[in-house]
Amino acid sequence: MTLKGKDIVNIDDLSLQEIETILDSARRMVDIAKGRKGSNALEGKILASLFFEPSTRTRLSFETAMQRLGGGVITIAGQEGSSLIKGETLADTIRMADGYSDIIVMRHPREGAARMSATFSENPVINGGDGAGQHPTQTLLDLFTMREKFGRIDGLHVTLVGDLRYGRTTHSLSLALARMGASMSFVSPDIIRMPDHIVNDVKELGVEVNMTNDLKAEVPGSDVIYMTRIQKERFAEEEEYLKVAHSFRIEQGILENAKREMIIMHPLPRVDEIDPSVDFTSHARYFEQAFNGVPVRMALLKLVLEGE
Amino acid sequence: MKELKITPIRNGTVIDHIKPGMALKVLKILDISNESGKEVAIAMFTKSDKLGKKDLVKVEDMELRPRDVNKLAILTPNATISIIRDFKVAKKFKVELPDQVEGIARCENLNCITNQREPVLPRLIRISDDPPLYRCYYCGRQQSDVTSNII
Ligand SMILES: Nc1ncnc2c1ncn2[C@@H]1O[C@H](COP(=O)(O)OP(=O)(O)O)[C@@H](O)[C@H]1O
Ligand SMILES: [Zn+2]
């Protein structure tokens, strides 16, 4: 098995074995990611970082990852990205960037943009988010964070909380968790609950799911609580939003009956859904999770460019 | 007893066993209108042993291209096509659901990259046969009604 030259568009493009390989390699990257060790593994290689839509964590961590491995980066981001969309086709931008680099990472507001780009690019394309579609490297770093803590995914109980309908991260994460043998609870207000097709796919993988709107009741049984942001725009009335935001929120009180080893994750940015006082408990894992984006993306860049 | 009302054609195509009520849509996806200058006969809601009822379309002086056959398959998967040459059935076959179609139907996701000004044809992959379901190769969206997006 080799990942060399492979496009990473959707988490389903990766076999379980390939996911394990990436996560194992990411662990070996941690020291380099923290700057404790140097590396020139990707010296002479260039990453084209094409962000047609704003991003903070994904873009910065990819660019850091490439540079930590001794590679170079060329970037399109911010205003330049959005005006490029108006000026020429994505296909043309990709063909140009493909000629200037060895690998492309991209984010684009349209679903399917990364898959299409992969058909125009000779070099591999990594999807950094396409509209409401896929964001596979987020899923990989989420899995990495859980596996580093517990040493496994199989048998964990993961509780996903918040906007499970529109939040794209929870869709691919729950499918990946199901493939890897974790059971799940989906906790959300009814109007933004997990879409049926995801629930069905998860069940078809032989995994038990519990759908509820009672967060407190799920805390004691959870190994991981994965929080997401609930957006105000999803609600017609401000009052309704406030009520909902309040009951899908983690503060210290609710954690009384939590397992000692339980971790709280969040893809960030957060608004109010995790009280800042929780940051100082042993459960908080979201800043480490954000850092984990670097070693995981280093591993991916190296595996896709070098094959090992 | 059947189709007595319709006169035989010398050369052309007969599309039979069309899902009842779909005949006009068949003309539409095949782009047949007054302007195409072809003579057309239609029978709708006629009795058929196999399907209960069916529609039937005969078009003079036209043979279907492979992409037309694919369109028909998506619209009405039980249709049979007979090519008529010199009043005889020269070839007869049942349409077959293609595993994937390119440039035949638009992706229903308006935010899909294939619905933008990009040099790419929409491509749908079949994920089940009964009912026939398709998924967009690019954005992954499962299509709720391909028949209404045929190009
Ligand atoms: N010369 C012709 N002109 C018009 N229609 C014809 C001609 N020959 C056959 N057809 C029609 O083409 C279809 C296919 O022919 P056939 O194989 O005999 O039909 P069936 O589906 O009943 O087995 C039938 O609907 C038949 O009426
Ligand atoms: Zn699509």
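Sequence lines set the chain letters: A, B, ... in the order given, protein chains first and strands last, and positions in each chain run from 1.
You'll find the side chain of B:I74 stays beyond 4.5 Å of the side chain of B:I29, heavy atoms only. Between A:V73 and A:I46 the shortest side-chain heavy-atom distance does not fall below 4.5 Å.
Chosen from A:H108, A:R110, A:E88, the residue pairing most often with chain B at heavy-atom distances under 4.5 Å is A:R110.
Between A:R179 and A:D12 there is a salt bridge, since at least one side-chain N of the basic residue sits less than 4.0 Å from a carboxylate O of the acidic one.
At a 4.5 Å heavy-atom cutoff, the contact between B:Q116 and chain A is made by side-chain atoms alone. Neither the backbone nor the side chain of A:H197 comes within contact range of chain B; no heavy atom of the residue lies under 4.5 Å from a heavy atom of that chain. The contact between B:N111 and chain A is made by backbone and side chain atoms together, counting heavy-atom distances below 4.5 Å.
Using modelled atom types, no side-chain atom of A:S174 and backbone atom of A:L177 make a donor-acceptor pair closer than 3.5 Å.
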